[in-house]
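Counting begins at 1 with the first residue of the sequence.
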Amino acid sequence: MVLLRRGLKERKHESYSGLRIIQVMSVSFLSGLLWWHSNTSNIQDQIGLLFFFSIFWGFFPLFNAIFAFPQERPMLIKERSSGMYRLSSYYFARMAGDLPMELVLPTVFVTVTYWMGGLNPSFITFVLTLLIILFNVLVSQGLGLALGAILMDVKQATTLASVTMLVFLLVGGYYIQKIPAFIAWLKYISFSHYCYKLLVGVQYSEHEVYQCEVGLHCRVMDFPAIKCLALDNKWWDVAALTVMFVGYRLLAYVALKMGQPH
């Protein structure tokens, strides 16, 4: 509890700095204006907004989390060498303290952009979309913590994270619909892919239609960019994100444990 209170005091100024708030809100309002009151007649634009959600809230938390352990390493080594606390106490305090710090801005972002962008007006759909984004933020943050803990070098971790997110972006399911079989496995390790599928899956219902031609309506689920996503296994997507959420954090803890001087 002492470590948690200290962590909250230290990080609240960084997490809610004026620069970060301006950065997030400016992107939120700009994206809301770009997709202003879109509808299913422009379904390609709408799924583009959903993919933007998954990518922006994959990049942003990932690169913020990379700095966590390298910056705190000197303090951690000093206090641990004095026997002040166990590594597990520090780690769980860090994880618990991140929740209120990291989830407020994406909540505000999604609330603003969702309604400006003209997505499904159902409140339940909005809540599900928000929960998916917040889960994606936690998974992305876990990957950033793991990379930072393994490399303990901000420059190297940032380079590796850039390459990793670029791969996740390309195989996410929006840019390329038919990936060659020998490299298709990459999409199964991309949290952006699962987040995007879930966002599309909760946004549209089975019987929803859109105007595909003048005087002709087609099923949304038959739209090529949606049909190729295989949206009938949402719980598998949730399970995959859950495994990543737990796995990245375990990896970060093990890397910290191994990197501590004896």
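- Counting heavy atoms from C-beta on, the side chains of Lys257 and Tyr91 never come closer than 4.5 Å.
- Counting heavy atoms from C-beta outward, Thr111 and Phe126 have side chains that approach closer than 4.5 Å.
- Between Val171 and Ile176, every side-chain heavy-atom pair lies at or beyond the 4.5 Å cut-off.
- Rounded to the nearest 0.5 Å, atoms CG (Leu4) and NZ (Lys9) are 11.0 Å apart.
- Of the charged side-chain nitrogens involved, at least one lies within less than 4.0 Å of a carboxylate oxygen, so that Glu79 and Arg6 count as a salt-bridged pair.
- At a threshold of 4.5 Å between non-hydrogen side-chain atoms, the residues Asp98 and Met95 count as touching.
- With contacts defined as side-chain heavy-atom distances shorter than 4.5 Å, the pair Met116/His37 does not qualify.
- Here Phe51 and Tyr175 bring their ring centres to under 6.0 angstrom of each other.
- A continuous path of hydrophobic side-chain contacts links Ile66 to Met244 [ILVMFWY only; heavy atoms under 4.5 Å].
- Here disulfide bond (SG atoms under 2.5 Å apart) pairs that include residues 217-253, with residues two or more places apart or in two chains, are Cys212-Cys218.
- Between the side chain of Thr113 and the backbone N or O of Val110, no donor-acceptor pair lies under 3.5 Å.
- Side chain of Ser190 to main chain of Leu186: no donor-acceptor pair is present (N/O by atom type, distance under 3.5 Å, no hydrogens or angles).
- At distances below 3.5 Å, not a single donor-acceptor pair connects side-chain atoms of Ser28 with backbone N or O atoms of Val24.
- Within a 6.0 Å radius of NZ in Lys234, more than 12 heavy atoms belonging to other residues, nucleotides or ligands are found.
- No donor-acceptor distance shorter than 3.5 angstrom exists from the side chain of Arg73 to the backbone of Met152, with no hydrogens or angles considered.
- Arg20 approaches Glu102 most closely through the heavy-atom pair NH1-OE2, 4.5 Å.
- Scanning both residues, Gly58 and Leu62, for their nearest heavy atoms gives O-CB, 3.2 Å.
- In this structure a side-chain-to-backbone donor-acceptor pair under 3.5 Å is present from Ser38 to Gly117.
- The distance from atom CG of Leu131 to atom CG of Leu198, rounded to the nearest 0.5 Å, is 11.0 Å.
- Centroid-to-centroid, the aromatic rings of Phe109 and Trp57 come within less than 6.0 Å.
- The hydrophobic clustering, which links ILVMFWY residues whose side-chain heavy atoms are closer than 4.5 Å, places Trp235 and Phe135 together.
- Of the possible donor and acceptor atoms, one in the side chain of Asp153 sits under 3.5 Å from a partner among the backbone N and O of Gln156.
- No path of Ile, Leu, Val, Met, Phe, Trp and Tyr side chains, each step under 4.5 Å between heavy atoms, connects Val254 with Leu76, placing them in separate hydrophobic clusters.
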Check: So Tyr196 and Leu229, side chain to side chain contact (heavy atoms under 4.5 Å, CB included) or not? Walk me through it.
Finding: CA-CA 9 Å; Tyr196 174 55; Leu229 291 176; 3.9 Å; yes
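- Among all heavy-atom pairs drawn from Leu103 and Thr107, the shortest one is O-OG1, 2.6 Å.
- Between Tyr85 and Tyr90, the two ring planes are parallel [angle under 30°; tilted spans 30° to 60°].
- Pairing each heavy atom of Ala252 with each of Ala149, the nearest pair is O-CB, 3.6 Å.
- Heavy atoms only, all atoms of each residue included: Val139 and Leu241 are closest at CG2-O, 3.6 Å.
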Note to self: Walk me through whether Asp237 and Asn233 qualify under side chain to side chain contact (heavy atoms under 4.5 Å, CB included).
What the structure shows: CA-CA 7 Å; Asp237 300 330; Asn233 51 0; 4.1 Å; yes
Margin query: Working note: Tyr194 + Trp236, criterion ring pair (Phe, Tyr, Trp, His ring centres under 6.0 Å); need CA distance, chi angles, decisive distance, verdict.
Written below: CA-CA 9 Å; Tyr194 296 110; Trp236 285 108; over 10 Å; no
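- With a 4.5 Å cut-off on side-chain heavy atoms, Met221 and His207 do not count as touching.
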Margin query: Could you walk me through whether Ile55 and Tyr174 satisfy the side chain to side chain contact (heavy atoms under 4.5 Å, CB included) test, starting with their C-alpha distance in whole Å, then the side-chain angles of each, then the deciding distance to 0.1 Å, before giving a yes or no?
Written below: CA-CA 11 Å; Ile55 289 299; Tyr174 181 75; over 6 Å; no
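- Across all their heavy atoms, Ser41 and Gln211 have their closest contact at OG-CB, 4.1 Å.
- Residues Val2 and Phe92 are members of separate hydrophobic clusters, defined by side-chain heavy-atom contacts under 4.5 angstrom among Ile, Leu, Val, Met, Phe, Trp and Tyr.
- Side chain of Tyr114 to backbone of Asn120: a donor-acceptor contact under 3.5 angstrom is found.
- Note that CG of Leu99 is 7.5 Å distant from CD of Gln141, once rounded to the nearest 0.5 Å.
- Residue Ser140 holds its OG atom at 12.5 Å from CZ of Phe245, rounded to the nearest 0.5 Å.
- Side-chain contact between Phe168 and Val163 is absent, with no heavy-atom pair separated by less than 4.5 Å.
- Atom CD1 of Ile124 has 12 or fewer neighbouring heavy atoms from other residues, nucleotides or ligands inside a 6.0 Å radius.
- In this structure, CZ in Phe67 is found 12.5 Å from CG in Leu145, a value given to the nearest 0.5 Å.
- Atom CH2 of Trp185 sits about 5.0 Å away from atom CD1 of Ile189, to the nearest 0.5 Å.
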Note to self: Walk me through whether Asn42 and Tyr210 qualify under side chain to side chain contact (heavy atoms under 4.5 Å, CB included).
What the structure shows: CA-CA 8 Å; Asn42 309 112; Tyr210 71 101; over 6 Å; no
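- Taking the side chain as every heavy atom from C-beta outward, Pro180 and Ile183 approach each other to under 4.5 Å.
- Although no hydrogens or angles enter the test, the distance criterion places no donor-acceptor pair under 3.5 Å between the side chain of Glu72 and the main chain of Phe69.
- At a threshold of 4.5 Å between side-chain heavy atoms, the hydrophobic network of Ile, Leu, Val, Met, Phe, Trp and Tyr places Val200 and Val238 in one connected group.
- The side chain to side chain contact (heavy atoms under 4.5 Å, CB included) test with Leu119 singles out one residue from Leu50, Thr129, Leu199, and that residue is Leu50.
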